[in-house]
Amino acid sequence: MADTPWPLPFGEEKTLANTPNTELKGGLKSRHLTMMSIAGVIGAALFVGSGKQIALAGPAVILAYIGGGLLVILAMRMLGEMAVAQPDTGSFSTYADRAIGRWAGFTIGWLYWYFWALLMGWEAYVAGQILHGWFPMVPAWGYGLLVTVSLIVVNFLNVRNYGEFEFWFALIKVVAIVVFLIMGSLALVHVWPWGDANGWSQLTSQGFMPNGPKAVVVALLGVMFAFIGAEIVTVAAAESANPGREIIKTTRSVVWRICLFYVGSIFIVVCLVPYNAPGLTDPTRGTYNVALDALGIPHAQLIVNFIVLTSVCSCFNSALYTASRMLYSLSKRGDAHRIMQITGRDTGTPYVGVLISSVFAFVAVWMMATSKMDVYDVLMQATGTIALFVYLAIAFSQLRMRQRLQAQGVELKFKMWLFPWLTYAVIVCIIAALVTMVLEGTYRNEVLYTAILAAAIVAMGIVAQVCGIGTRRVAASDAGDARLSESRA
C-alpha cells in the first residue's frame with residue numbers, strides 16, 4: 001500500500017489485499033522462445049512415429065513431409081501477421097474471436113485446450129513405460145504420476161523457470177538430431193566407417209513411389225498432425241519483453257527448422273534404410289532406432305528411448321503451459337470461469353488453469369493403474385484433426401483481419417505472402433484434406449470424432465453468445481480496434 005498517495009478508507013486495505021491477482025508477469029527471454037519454437041515442431045512423432053509413414057509411402061514420403069511442412073509454414077506466416085499486430089496469450093483463439101465472432105474464438109480455444117490437455121495423459125503414459133522398462137521395480141503408472149506431478153510443479157513457478165526447463169529439453173533434442181544428420185550425411189557419401197548403411201541406394205532401389213501416389217496422399221494426411229506445436233511460440237511471446245520482434249524472428253525461422261529437422265532427417269532415413277524394414281512400424285523401435293542400427297551404433301534402443309523420454313517430457317511441459325494460458329485467455333474473454341484467470345502474486349502463473357489442465361494426465365495415470373488405457377485411445381481419436389481446424393481458423397481469421405486492417409489504413413510490420421491468394425489456397429487445401437480423409441477412410445474416425453466434438457463446442461459457444469453468458473470487460477471488436485490503433489501508433 002506504500003504506493004497509494006492517500007489513506008484508504010477503513011477496511012479498504014483488507015479488501016484490496018484479498019483481491020485475486022489476474023495478471024501474467026512474463027519473464028521469457030529470447031533464447032527461451034527460440035528453443036521453444038524449435039521444440040514445438042520436434043516430438044516423438046519424428047523419432048518413432050514417422051516410420052509408419054515411411055512404410056506406407058516409401059521414399060516418396062519426403063514429398064508428404066514437404067507438403068505438410070509447407071502448410072505449416074503458410075499457417076505460421078498468417079498467424080505471425082496477426083500476432084505481431086496484436087500480441088495476445090490467446091493467440092489464434094483471440095484472433096478468431098475478433099475476426100469471425102465469439103463462437104469461433106470460443107470453439108477453437110476449447111478445442112485447442114482439449115488437444116493439449118488430453119495429449120499430456122498420453123505423454124505421461126509413454127514416459128511411464130520407458131522408465132518402467134529401465135527400472136521395473138516401480139510400476140509404469142507410478143512413473144507416470146511422478147512425471148505429471150514434477151512438471152505441474154515446474155509450471156507453478158515463474159514462467160522463466162518453465163522457459164529454462166524447456167530450453168534444456170529442446171537442446172537435447174536438437175543436439176540429437178544434429179548428430180544424427182552428421183552421421184547420416186557421412187554415410188551418404190560413403191565415409192561412415194561402421195554399419196551396413198552407405199550411399200543413396202535405398203532411395204530408388206525398390207522404386208521412389210513403390211505404393212503409388214495414393215499412399216503418398218494418405219501419408220500427407222498423417223504427416224499434417226506431426227507439425228502441430230509450432231504455433232506455441234505466439235502464445236508464449238506475449239510473456240516476453242518484445243513480443244513483436246520475437247514472433248517475427250521465430251516465424252521466419254520455422255522454414256529452416258522444418259526443412260532441417262523433419263525433411264532432412266526423413267531424407268537420410270529413406271536413403272539408408274529400406275522402406276519395408278520391419279522395425280519401422282514397430283512402436284517399440286521406430287525410425288531413429290532402425291536408422292541407428294543400420295549405422296552400427298551400439299545401444300541404439302537405449303539412446304532413442306532417452307531421446308523420446310526427453311521429447312515426451314518436453315511435450316508434456318509445453319502442453320501444460322499452453323493449455324493453462326489458453327484457459328487464462330478464455331477466462332479473460334468471459335468464455336471460461338473467472339477462477340481460471342487467477343495467477344500467483346509472486347509468480348504471475350495461472351496456477352488454477354495449470355491444475356485444471358492437468359486433469360486428463362491424472363485420468364491417464366488412473367487408467368494405467370487399472371489397465372484401461374484402451375479407453376484413452378478412443379478419447380485421443382477426437383484430437384486427430386484439431387490441427388487442421390486450428391489452421392483453418394487461422395486462415396479465415398487472417399483473411400478477415402487483413403481486410404479490416406487495409407480498410408483502416410493500418411501499416412503492418414509483418415505480412416502474409418501473396419495475400420489473399422495464398423490464404424485462399426490454404427483454406428481450399430485444408431477443406432480438401434478433410435474431405436479426402438472422410439472419403440478415403442484411413443482417418444475417417446479422427447475427422448468424424450473431432451467434428452462431433454467441435455459441433456458440441458460450437459453449440460455451447462453460440463448459446464453463450466446468444467444468452468450473454470460470461471462477462472466480457474471489452475467487446476471483442478472494440479478490443480481488436482484498440483490494439484490495432486496501438487499498433488498503428
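Because the structure is predicted, anything quoted here is derived from the model rather than measured.
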### Query
Counting only N and O atoms by type, is there a donor-acceptor contact under 3.5 Å from the side chain of Thr436 to the main-chain atoms of Ala432?
yes
### Task
Working to the nearest 0.5 Å, report the span between CD1 of Ile394 and CD1 of Ile108.
8.0 Å
### Exceeds 12 heavy-atom contacts within 6.0 angstrom, atom CZ of Arg338
no
### Message
Please check if the number of heavy atoms outside Leu70 that lie under 6.0 Å from its CG is greater than 12.
### Response
yes
### Query
Are any of the side-chain heavy atoms of Trp113 and Ser357 separated by less than 4.5 Å?
yes
### Task
Over all heavy atoms of both residues, which pair between Thr349 and Leu157 is shortest? Give the atoms and the distance, please.
OG1-O, 2.7 Å
### Message
Is it true that, when you exclude Phe306 itself, more than 12 heavy atoms of the residues, nucleotides or ligands shown sit nearer than 6.0 Å to its CZ?
### Response
no
### Query
Hey, are Thr287 and Ser50 close enough side-chain-wise for a donor-acceptor pair under 3.5 Å?
yes
### Query
Would Arg77 count as a cation-pi partner of Phe414, with NZ or CZ less than 6.0 Å from the six-membered ring centre and within 45° of the ring normal?
yes
### Message
Do Leu320 and Val354 make a side-chain contact, defined as non-hydrogen atoms from C-beta onward lying under 4.5 Å apart?
### Response
yes
### Task
With side chain to side chain contact (heavy atoms under 4.5 Å, CB included) as the test, would you mind laying out the steps for Ile339 and Val352 before giving the verdict?
CA-CA 7 Å; Ile339 196 175; Val352 177; 4.1 Å; yes
### Task
Check the side chains of Ser329 and Arg333 for a donor-acceptor pair under 3.5 angstrom, ignoring hydrogens and angles.
yes
### Query
Rounded to the nearest 0.5 Å, how far does OG1 of Thr234 lie from CE of Met76?
6.0 Å
### Considering all heavy atoms, the nearest Val216-Ala60 contact
CG2-CB, 3.7 Å
### Task
For Ser265 and Tyr288, test the side chains for any donor-to-acceptor distance below 3.5 angstrom and give the result as yes or no.
yes
### Task
Hey, could you give me the OG/CZ distance between Ser311 and Phe316, rounded to the nearest 0.5 Å?
14.0 Å
### Query
Do any pairs count as a ring pair (Phe, Tyr, Trp, His ring centres under 6.0 Å) and have a residue in residues 415-448, sequence neighbours left out, and if so which ones?
Phe225-Tyr443
### Query
Hey, does Met326 have a side-chain heavy atom less than 4.5 Å from the side chain of Ser93?
yes
### Task
Keeping the roles fixed (side chain from Ser358, backbone from Leu355), state whether a donor-acceptor pair exists under 3.5 Å.
yes
### Task
Could you grab the distance from atom SG of Cys313 to atom CD of Glu123, nearest 0.5 Å is fine?
9.0 Å
### Message
Is it the case that the side chain of Thr148 and the backbone of Gly144 share a donor-acceptor pair, with hydrogens and angles ignored and the cut-off at 3.5 Å?
### Response
yes
### Task
Report yes if the side chains of Ile268 and Leu181 come closer than 4.5 Å at any heavy-atom pair, otherwise no.
yes
### Query
Under 3.5 Å, is there a donor-acceptor pair linking the side chains of Trp116 and Tyr112?
yes
### Task
Report the C-alpha distance between Ile266 and Leu46 in whole Å, list the side-chain angles of each, state the deciding distance to 0.1 Å, and finish with yes or no for side chain to side chain contact (heavy atoms under 4.5 Å, CB included).
CA-CA 8 Å; Ile266 299 302; Leu46 172 61; 4.3 Å; yes
### From CA spacing to verdict: side chain to side chain contact (heavy atoms under 4.5 Å, CB included), Phe362, Leu145
CA-CA 7 Å; Phe362 288 109; Leu145 181 62; 3.8 Å; yes
### For Ser324, side-chain hydrogen bond (donor to acceptor under 3.5 Å, both in side chains) partners two or more places apart
none
### Task
Mind telling me whether Phe169 and Phe165 have parallel, tilted or perpendicular rings, with 30° and 60° as the class edges?
tilted
### Message
Can you classify the ring geometry of Tyr162 versus Tyr321 as parallel (below 30°), tilted (30 to 60°) or perpendicular (above 60°)?
### Response
parallel
#### Entry: Pairwise distance CG(Leu71) to CD1(Ile66) - rounded to 0.5 angstrom
14.0 Å
### Message
Strictly distance-based, threshold 3.5 Å: is any side-chain N or O of Asn242 a donor or acceptor partner for the main-chain N or O of Arg245?
### Response
yes
### Donor-acceptor side-chain pairing of Glu231 and Ser91 below 3.5 angstrom
no
### Task
Taking Ser331 for its side chain and His337 for its backbone only, find out whether a donor-acceptor pair lies under 3.5 Å.
yes
### Task
Could you please spell out the steps behind the side chain to side chain contact (heavy atoms under 4.5 Å, CB included) verdict for Ile100 and Tyr95?
CA-CA 8 Å; Ile100 303 173; Tyr95 308 141; over 6 Å; no
### Message
For a 4.5 angstrom cut-off between non-hydrogen side-chain atoms, does Trp122 reach Phe360?
### Response
no
### Message
To the nearest 0.5 Å, what is the distance between CG on Asn155 and CZ on Arg325?
### Response
7.0 Å
### Query
Are any of the side-chain heavy atoms of Asp97 and Asp335 separated by less than 4.5 Å?
yes
#### Entry: For Ile386 against Leu111, the heavy-atom pair lying closest together
CD1-O, 3.4 Å
### Message
Tell me the closest heavy-atom pair linking Val426 and Ala395, and the distance in Å.
### Response
CG1-CB, 4.2 Å
#### Entry: Shortest non-hydrogen contact between Gly105 and Leu330, atoms and distance
O-CD2, 4.1 Å
### Query
Just checking, is any N or O donor in the side chain of Lys173 or Thr310 under 3.5 Å from an acceptor N or O on the other one?
no
### Heavy-atom side-chain contact between Lys415 and Arg402 under 4.5 Å
yes
### Message
Checking Thr423 now: which residues fulfil side-chain hydrogen bond (donor to acceptor under 3.5 Å, both in side chains) with it, not counting sequence neighbours?
### Response
Gln398
### Summary
Tyr328 and Pro350 have their tightest heavy-atom pair at CD1-CB, 4.1 Å
### Query
Mind checking whether Tyr65 and Tyr262 have parallel, tilted or perpendicular rings, split at 30° and 60°?
parallel
### Task
State, yes or no, whether a side-chain contact exists between Met437 and Arg444 at a heavy-atom distance under 4.5 Å.
no
### Task
Show your working on ring pair (Phe, Tyr, Trp, His ring centres under 6.0 Å) between Phe106 and Trp103 and close with a plain yes or no.
CA-CA 5 Å; Phe106 181 97; Trp103 68 269; over 10 Å; no
